[in-house]
Amino acid sequence: GKCAACRALADPSNLDISEIDAASNNGVDEMRDLREKVQYPPVAGKYKVYIVDEVHMLSTGAFNALLKTLEEPPAHAVFILATTEAQKIPATILSRCMRFDFKLIPQADLERRLKAVLNEIGKPYEEAAVARAGAGSVRDMLSLADTCVSYSAGKLTYDDVTAVLGSADFAAMGALCAAILSGKGGEAFEKTEEILAEGKSVWMLLKDVMNFLNACAVAKTCRDAEKILALPADTFSQLAETAKAADGHRLLRVTEIFADTENALRYSVSPRI
């Protein structure tokens, strides 16, 4: 970031690095315009770099217009095509690219980063709260952490994070899943209605049930389940008790049914039913 080229590229007026949002510039005309501009040589650096974000949003005509440039690009041009849905990119485009897949960041690294941020701002926290808030990408984690810090006045707790996420209370979720796994239909219906009456969405309830069932499977089959799940001790003991009492085949079948229900909910006009 110190040399003349780096300083020039960091300047907002620099034209050697261009970012194009394909979600809103997805037509043939935009790609033809790009083809004309790509002929001009770079000003500050050795290359002109074109970053096409959300490239899967381009229309078929736009892809065809871009293909010619990708087939015979000028020596000074580099294209970076960014997408989360590589399967939507035509094979003709993919075959002319070097592909780099970015995987999710390991949970331990996310937690380490979040702890560093919380320590820097002087916010006390529970280990379990960090583990819950750390799931997902760095951006999602920091957005969630920002909300949680504003939400809790004192020490950041596991319950604070759960409340911000909109998840059901873990004890209530445990009681619901225990009733389902033990075949107590009436009790399961009562628990479901109680949770929904608190204002939780059907989608969030289904997601919480799926997460709990998955955690039960881990607790039932893995030796280091407590370390893997990173739950508070009392929460894990409740989960382990439910998992121990559940029949393995029933646990698998219930999980399958809820997975099918998740798919059916996308097209349902009565999600509660």
Side-chain angles (χ1 to χ4, degrees), residues 1-123 133-147 149-150:
K2 303 267 177 75
C3 71
C6 282
R7 288 202 302 273
L9 294 174
D11 191 327
S13 63
N14 161 63
L15 298 173
D16 284 359
I17 299 176
S18 303
E19 183 176 351
I20 301 146
D21 175 24
S24 50
N25 300 290
N26 57 6
V28 178
D29 292 339
E30 285 88 347
M31 289 305 109
R32 283 181 181 155
D33 184 46
L34 176 62
R35 271 168 49 184
E36 289 172 13
K37 287 180 179 174
V38 82
Q39 304 303 326
Y40 299 115
V43 179
K46 190 176 177 182
Y47 296 101
K48 287 200 81 165
V49 181
Y50 294 90
I51 302 166
V52 187
D53 197 17
E54 304 289 351
V55 71
H56 65 273
M57 299 289 284
L58 290 179
S59 65
T60 305
F63 270 126
N64 290 333
L66 179 62
L67 183 59
K68 186 66 179 172
T69 307
L70 291 180
E71 280 181 329
E72 300 169 4
H76 61 257
V78 175
F79 287 89
I80 297 175
L81 311 181
T83 180
T84 51
E85 302 188 47
Q87 73 279 1
K88 291 185 178 179
I89 311 296
T92 48
I93 299 285
L94 278 177
S95 64
R96 288 164 173 82
C97 298
M98 291 174 67
R99 179 169 169 171
F100 301 94
D101 287 301
F102 294 90
K103 296 178 175 61
L104 288 174
I105 295 170
Q107 177 77 4
D109 291 346
L110 288 173
E111 289 179 24
R112 201 177 305 118
R113 176 67 188 142
L114 182 53
K115 285 177 183 176
V117 171
L118 292 173
N119 289 334
E120 191 178 325
I121 63 172
K123 179 73 174 177
S137 70
V138 174
R139 180 181 61 189
D140 294 346
M141 174 192 75
L142 292 176
S143 297
L144 174 60
D146 198 23
T147 310
V149 167
S150 305

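Treat the numbers as computed from the prediction; the structure is a model and nothing was measured.
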Going by the rule side-chain hydrogen bond (donor to acceptor under 3.5 Å, both in side chains), which residues pair with [X] if we only count those two or more places apart in sequence or in a different chain?
X: Arg139; answer: none
X: Ser150; answer: none
X: Arg7; answer: none

Do you know the tightest heavy-atom contact between [X] and [Y]?
X: Leu58; Y: Phe63; value: O-CE1, 3.4 Å
X: Ala62; Y: Asn26; value: CB-O, 3.4 Å
X: Ala65; Y: Met31; value: CB-CB, 3.8 Å
X: Pro73; Y: Leu70; value: CD-O, 3.4 Å
X: Gly1; Y: Cys6; value: CA-CB, 3.7 Å

Which value, rounded to the nearest 0.5 Å, describes the distance between [X] atom [atom1] and [Y] atom [atom2]?
X: Ser95; Y: Leu67; atom1: OG; atom2: CG; answer: 8.0 Å
X: Thr147; Y: Leu142; atom1: OG1; atom2: CG; answer: 10.5 Å
X: Cys3; Y: Leu9; atom1: SG; atom2: CG; answer: 8.0 Å
X: Leu114; Y: Asp109; atom1: CG; atom2: CG; answer: 12.5 Å
X: Arg32; Y: Thr69; atom1: CZ; atom2: OG1; answer: 11.5 Å

* Asked: Are Ser18 and Tyr50 side-chain neighbours, meaning at least one heavy-atom pair lies under 4.5 Å?
  -> yes
* To do: Count the heavy atoms of every other residue, nucleotide or ligand shown that sit under 6.0 Å from NZ of Lys115, and state whether that count exceeds 12.
  => yes
* **Heavy atoms from other residues, nucleotides or ligands near CG of Leu94 exceed 12 (cutoff 6.0 Å)** =>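 Counting neighbours around CG of Leu94, more than 12 heavy atoms of other residues, nucleotides or ligands fall under 6.0 Å, so yes.
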* Asked: What pairs of residues pass the ring-ring contact (aromatic ring centres under 6.0 Å, His included) test when at least one of them lies in residues 86-111, not counting sequence neighbours?
  ->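 Listed once each, the pairs would be none.
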Could you work out, with side-chain contact (heavy atoms from CB on, under 4.5 Å) as the rule, every residue matching [X], not counting sequence neighbours?
X: Gln39; answer: Pro74
X: Lys123; answer: Leu118, Ile121, Val149, Ser152, Leu156
X: Asn25; answer: Ile20, Asp21, Glu30
X: Asp146; answer: none

* **Those residues that, when tested against Arg35, pass salt bridge (charged side-chain N to carboxylate O under 4.0 Å, His left out) (two or more places apart)** => none
* To do: Just jot down the salt bridge (charged side-chain N to carboxylate O under 4.0 Å, His left out) partners of Asp101, sequence neighbours excluded, or say none.
  => Arg99
* Could you go through the side chain to side chain contact (heavy atoms under 4.5 Å, CB included) check for Val49 and Asp16 one step at a time? => CA-CA 6 Å; Val49 181; Asp16 284 359; over 6 Å; no
* Qualifying salt bridge (Lys or Arg N to Asp or Glu O under 4.0 Å) pairs with a residue from residues 65-78, counting only residues at least two apart or across chains -> Lys68-Glu72, Glu71-Arg96
* **Criterion side chain to side chain contact (heavy atoms under 4.5 Å, CB included) on Asn14 and Val43, from CA distance to verdict** => CA-CA 8 Å; Asn14 161 63; Val43 179; 5.8 Å; no
Donor-acceptor contacts, no H, no angles, side chain residues 76-86, under 3.5 Å, sequence neighbours left out:
residue	atom	partner	partner atom	Å
His76	NE2	Val38	O	2.8
His76	NE2	Tyr40	O	3.1
Thr83	OG1	His56	ND1	2.7
Thr83	OG1	Glu85	N	2.9
Glu85	OE1	Lys88	NZ	2.8

